[in-house]
2 protein chains.
Amino acid sequence: MNSQEEVNDFVKNGHQQYLPHLSIDPVIIGYHDQQLKVLLLKWIGLNGWGLPGGFIQRREPLSQAAHRILHERTGLEDLFLQQFHIFGDSPYRVQERSVNEFNETYGLAIDGNTWLFERTLSIGYFALVDYSKVSVRTDFFTVDYQWWDVSEIPPLLFDQNEVVEKALATLRLQIYHQPIGYNLLPEKFTLPEIHTLYETILGKKLDQRNFAKKLVGLGLIKKLDEQRAIGPHRSPYLYQFEKDAYENALKQGIVHTY
Amino acid sequence: MNSQEEVNDFVKNGHQQYLPHLSIDPVIIGYHDQQLKVLLLKWIGLNGWGLPGGFIQRREPLSQAAHRILHERTGLEDLFLQQFHIFGDSPYRVQERSVNEFNETYGLAIDGNTWLFERTLSIGYFALVDYSKVSVRTDFFTVDYQWWDVSEIPPLLFDQNEVVEKALATLRLQIYHQPIGYNLLPEKFTLPEIHTLYETILGKKLDQRNFAKKLVGLGLIKKLDEQRAIGPHRSPYLYQFEKDAYENALKQGIVHTY
DNA sequence: GCAAAAGTGTTGTTTATACACCCATGC
DNA sequence: GCATGGGTGTATAAACAACACTTTTGC
């Protein structure tokens, strides 16, 4: 959606293609340089940052819509993508919009009504992605994008700060019950890498030896016979996820601490 | 909503009051006679059983809508009520309905279209209630109600079996991380009562002594100086939840097994 | 040879599990 | 006095938490 014509059609007639009152807001979480990052788009008008959301097609299964939106925005497929909450309580999610507010926000000159004025509840998904594989596509509404460190999220449009907060809280809770990392790390990774990843997500130090014992003990990762030379004084062993055990743990859940 | 006139108005004009495309389906879980029960309503036509759902008013915050619907159906306020999933994947949640299907289902004679034909996603909530305090109200669409044992749920309308399953699965998972029982038991209860409750929810035996040690050790319940004579050979001590510790555990979460 | 990073085991403590007998009551 | 259900403690095993030195490598 890039030409002015397409945009006008979307604003005027999008409700014929998409369900009104509902949007999907994915919190795309990547990991880079020992920091957790969230992908935000800069929306036209207002200089506002927001989530790379989208709408559900009228006959499209919900989870398919979530995957489609993510794919359209990032080029990624086959992601870890999980629904975590539906937001419909904040003032922004109760009010309808006005034509003035809308035109100001997006720098448009719509007259009359559009389905986009209507109250819209947002379905929150979060995705864990390999930072380096993402190629972001912007469109008419989104003029820029940026990966933001989770500790430095700017004020977002609508109630989206709450959405991001809840996504991160869900992730931190879930890491105690499900393995995480398959989509955040390269296929082969080192112990220090996954160790730092967990420390970053949880925001606290984890004992080096206990951590390794735990993951290997649970059978989630296995040591390979390769080492990688990644810099001065450093040639750590490589590890790999045990796919079966990993999938199993995802399904069954684990009850444990770190 | 009981008179024919009200029903017709709801079918024809309900979309002016309620958001289309969204419903709230509460899974109301009660506990009685050492069994977990789910409250189901019998809908007119088709002899079908289903959840006591409702719609969201256009300017009503989502969680308020959920509480309102529950209150309208059961007379209960101030419940433990929690959103757990939004359902939008099953064929029933993708298709639109036809006038014939609709009229057959509800024994109505609508002509033309209604907002109720449209694709509707369902927001799943589950509530834990004191079985004995519920006074169910039926309306035009719901001719009967019954508490069903969780192991004997009949085939439900649409994809609602999946909704109930997921509610129960969420409850079973959550019981490991949050205290449960405040809304399922009377204010004062006995150890065997709460013990059996947990066994019922989890579907497995829990050691009597270890269970008591755990709950008292966590400070969630405290023993009172009273006993209750409840039958032959039985005069167990009464216990009470420690409100502060309980609320705190709800917020913080607990990581433990039983 | 020295600075930086990775690798590796042991111990004390806490937590979980398994297990059985006595007491009180109602009949 | 006996049948039923409630109450209570201990010993073993497993999991967790705390802790520091050695090895490798690049410069």
Side-chain angles (χ1 to χ4, degrees), chain A residues 33-34 175-177 179 181 185-186 188-200 202-240 245 249 252-258, chain B residues 33-34 175-177 179 181 185-186 188-200 202-240 245 249 252-258:
Chain A
D33 202 14
Q34 306 192 5
I175 202 174
Y176 285 109
H177 313 301
L185 294 171
K188 296 175 181 182
F189 51 87
T190 68
L191 260 192
E193 280 171 350
I194 191 171
H195 179 221
T196 311
L197 169 64
Y198 271 69
E199 287 188 334
T200 305
L202 290 171
K204 66 181 185 190
K205 289 267 167 246
L206 300 172
D207 184 90
Q208 200 184 159
R209 283 167 282 194
N210 296 335
F211 179 80
K213 252 182 289 177
K214 185 86 193 184
L215 255 59
V216 175
L218 287 168
L220 291 175
I221 62 175
K222 70 158 180 276
K223 193 184 203 169
L224 301 175
D225 271 343
E226 310 167 51
Q227 288 175 289
R228 191 203 299 165
I230 50 173
H233 333 297
R234 303 169 68 185
S235 54
Y237 283 99
L238 289 172
Y239 285 74
Q240 210 171 11
Q252 312 273 321
I254 316 167
V255 176
H256 67 128
T257 57
Y258 281 100
Chain B
D33 203 12
Q34 308 193 2
I175 203 174
Y176 285 108
H177 312 301
L185 294 171
K188 296 175 181 179
F189 51 87
T190 68
L191 260 191
E193 280 172 350
I194 191 172
H195 179 223
T196 311
L197 168 64
Y198 272 68
E199 287 190 334
T200 305
L202 290 170
K204 65 182 184 190
K205 289 269 168 241
L206 301 172
D207 184 272
Q208 198 183 159
R209 282 167 284 195
N210 296 337
F211 179 79
K213 252 183 290 178
K214 186 84 192 186
L215 255 58
V216 174
L218 287 168
L220 291 175
I221 61 174
K222 71 159 180 274
K223 192 184 201 168
L224 302 175
D225 269 344
E226 310 167 51
Q227 288 175 288
R228 191 203 297 166
I230 49 171
H233 336 295
R234 305 167 68 186
S235 54
Y237 284 98
L238 289 173
Y239 284 75
Q240 212 171 8
Q252 311 275 321
I254 318 167
V255 177
H256 66 129
T257 58
Y258 281 100

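Computed from heavy atoms alone, side chains included, the values below leave out hydrogens, waters and symmetry copies. Within every chain, numbering begins at 1; the chains are lettered A, B, ... in the order of the sequence lines, protein sequences first and strands thereafter.
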Length of the line joining [X]:[atom1] and [N]:[atom2], which is rounded to integer Å:
| X | N | atom1 | atom2 | result |
| --- | --- | --- | --- | --- |
| B/H195 | D/dG7 | NE2 | C1' | 13 Å |
| B/F211 | C/dC19 | CZ | C1' | 19 Å |
| A/K214 | D/dA15 | NZ | P | 8 Å |
| A/K205 | D/dA18 | NZ | P | 15 Å |
| B/F189 | D/dG6 | CZ | C1' | 16 Å |
| A/K204 | D/dA17 | NZ | C1' | 12 Å |
| A/Y239 | C/dG7 | OH | P | 6 Å |
| B/I194 | D/dG6 | CD1 | P | 15 Å |

### Query
Can you tell me how far the OG1 atom of A/T200 sits from the CG atom of A/L206, to the nearest 0.5 Å?
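Taking OG1 in A/T200 and CG in A/L206, the distance rounds to 9.5 Å.
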
### Message
With nearest nucleotide decided by heavy atoms, which residue, B/Y237 or A/Q227, maps closer to the 5′ end of DNA chain D?
### Response
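That would be B/Y237.
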
#### Entry: Residue closer to the 5' end of DNA chain D, A/S235 versus A/Q208 (nearest nucleotide)
A/Q208

### Query
A/P236 or A/K213: which one's nearest nucleotide on DNA chain C is closer to the 5' end?
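This one resolves to A/P236.
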
### Validation row: A/L191, A/Y239 side chains within 4.5 angstrom (heavy atoms)
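With C-beta onward as the side chain, the pair touches.
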
### Query
Can you check whether B/K223 has a side-chain N or O nearer than 4.0 Å to OP1 or OP2 of D/dG6?
no

### Derivation of the side chain to side chain contact (heavy atoms under 4.5 Å, CB included) call for A/L215 and A/F211
CA-CA 6 Å; A/L215 255 59; A/F211 179 80; 3.8 Å; yes

### Message
Is there, by distance only and without an angle test, a donor paired with an acceptor across the side chain of B/N210 and the base of C/dA18 below 3.5 Å?
### Response
yes

### Message
Taking atom types as they are modelled, would you say the side chain of B/R209 forms a donor-acceptor pair with the base of C/dA20 within the 3.5 Å cutoff?
### Response
yes

### Message
As a quick check of understanding, evaluate side chain to side chain contact (heavy atoms under 4.5 Å, CB included) for A/L224 and A/K222, giving each step before the final call.
### Response
CA-CA 6 Å; A/L224 301 175; A/K222 70 158 180 276; 4.2 Å; yes

### Message
Please determine whether side chain to side chain contact (heavy atoms under 4.5 Å, CB included) holds for the pair B/K214 and B/L218, giving the CA-CA distance in whole Å, both sets of side-chain angles, and the decisive distance to 0.1 Å.
### Response
CA-CA 6 Å; B/K214 186 84 192 186; B/L218 287 168; 4.0 Å; yes

